[in-house]
Amino acid sequence: TAGVTEPGDGTVSSGRPALRQNHPNPFSLSTTICFDLAARTLSRLVVYNIRGQVVRRLVGESLPEGSHRVLWDGRNDAGEDLKSGVYFVKLEAGGVSTTKKVILTR
């Protein structure tokens, strides 16, 4: 299930949002994306392809302070399996933008 956030373990140590590297990476079936928020804020977590096109919107809502986990199943917004390749996950929250590289292998 993509786009569902669950509270994670641990506390937020810095005063700004932080996107952690997904695991596993590379992945074939699904991967977990974790991020931390220092305060309640509108948060967007979006997957882009190598061309910079949006392929999946995972989160687009106000989330509480703390650690969050999102499972991504390697599918696009239409529910279609994406091809193997390099993708980028971008977190935008609290005026901060952070990006991590994700590798999908089918």
Side-chain angles (χ1 to χ4, degrees):
T1 318
V4 176
T5 62
E6 302 172 0
D9 308 354
T11 58
V12 179
S13 57
S14 74
R16 47 189 293 156
L19 176 61
R20 292 185 255 152
Q21 188 62 55
N22 65 299
H23 58 88
N25 191 34
F27 77 101
S28 58
L29 298 177
S30 67
T31 190
T32 302
I33 302 161
C34 298
F35 60 96
D36 303 314
L37 300 176
R40 174 175 284 281
T41 186
L42 177 60
S43 305
R44 290 189 177 90
L45 189 68
V46 178
V47 180
Y48 295 86
N49 63 19
I50 197 83
R51 294 184 185 130
Q53 300 164 316
V54 173
V55 294
R56 184 71 182 262
R57 292 166 187 87
L58 298 171
V59 175
E61 62 185 293
S62 181
L63 295 176
E65 171 185 350
S67 297
H68 299 271
R69 254 190 330 254
V70 178
L71 184 67
W72 178 41
D73 57 8
R75 295 175 188 234
N76 64 17
D77 279 338
E80 303 161 334
D81 287 336
L82 292 170
K83 295 179 180 177
S84 294
V86 174
Y87 294 88
F88 296 93
V89 175
K90 182 178 182 180
L91 172 68
E92 293 178 290
V96 175
S97 176
T98 312
T99 304
K100 296 285 185 189
K101 182 164 60 170
V102 177
I103 300 170
L104 174 61
T105 59
R106 293 279 184 202

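Just so you know, these numbers use all the heavy atoms, side chains as well, and skip hydrogens, waters and symmetry mates.
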Exercise for review: Would you mind reporting whether Lys90 and Ser97 have side-chain heavy atoms less than 4.5 Å apart?
Suggested key: yes

Review point. Is the Trp72 ring parallel, tilted or perpendicular to the Tyr87 ring (thresholds 30°, 60°)?
Key: perpendicular

Exercise for review: Kindly say whether Arg57 contributes a backbone atom to a donor-acceptor pair with the side chain of Asp77 at under 3.5 angstrom?
Suggested key: yes

Review point. Can you list the residues that meet the side chain to side chain donor-acceptor pair (under 3.5 Å) rule with Thr31, with sequence neighbours excluded?
Key: Asn22

**Study point:** Candidate pair Val102 and Val47, rule side-chain contact (heavy atoms from CB on, under 4.5 Å), full reasoning
**Key:** CA-CA 9 Å; Val102 177; Val47 180; over 6 Å; no

Exercise for review: Measure the shortest side-chain to side-chain distance between Gln21 and Cys34 over non-hydrogen atoms and say whether it is less than 4.5 angstrom.
Suggested key: no

Review point. Can you find a pair of side-chain heavy atoms, one from Val46 and one from Val89, that are under 4.5 Å apart?
Key: no

Check your understanding: How about Leu82 and Arg75: do any of their side-chain heavy atoms sit closer than 4.5 Å?
Key -> no

Check your understanding: Do Leu29 and Asp73 come within less than 4.5 Å of each other through their side chains, counting heavy atoms only?
Key -> no

Practice item. Report yes if some heavy atom in the side chain of Leu19 is under 4.5 Å from a heavy atom in the side chain of Leu45; otherwise report no. Key: yes

Review point. Hey, is the main chain of Arg106 close enough, under 3.5 Å, to the side chain of Ser84 for a donor-acceptor pair?
Key: yes

Review point. Among all residues two or more places apart in sequence or in another chain, which pass the side chain to side chain donor-acceptor pair (under 3.5 Å) test with Ser62?
Key: Arg40

Check your understanding: What heavy-atom pair brings Gly94 and Thr41 nearest, and what distance separates the two atoms?
Key -> N-OG1, 3.3 Å

Review point. Do Phe35 and Leu63 come close enough that some side-chain heavy atom pair is under 4.5 Å?
Key: yes

Exercise for review: For Arg44, enumerate each residue passing the side chain to side chain donor-acceptor pair (under 3.5 Å) test, keeping only those at least two apart in sequence or located in another chain.
Suggested key: none

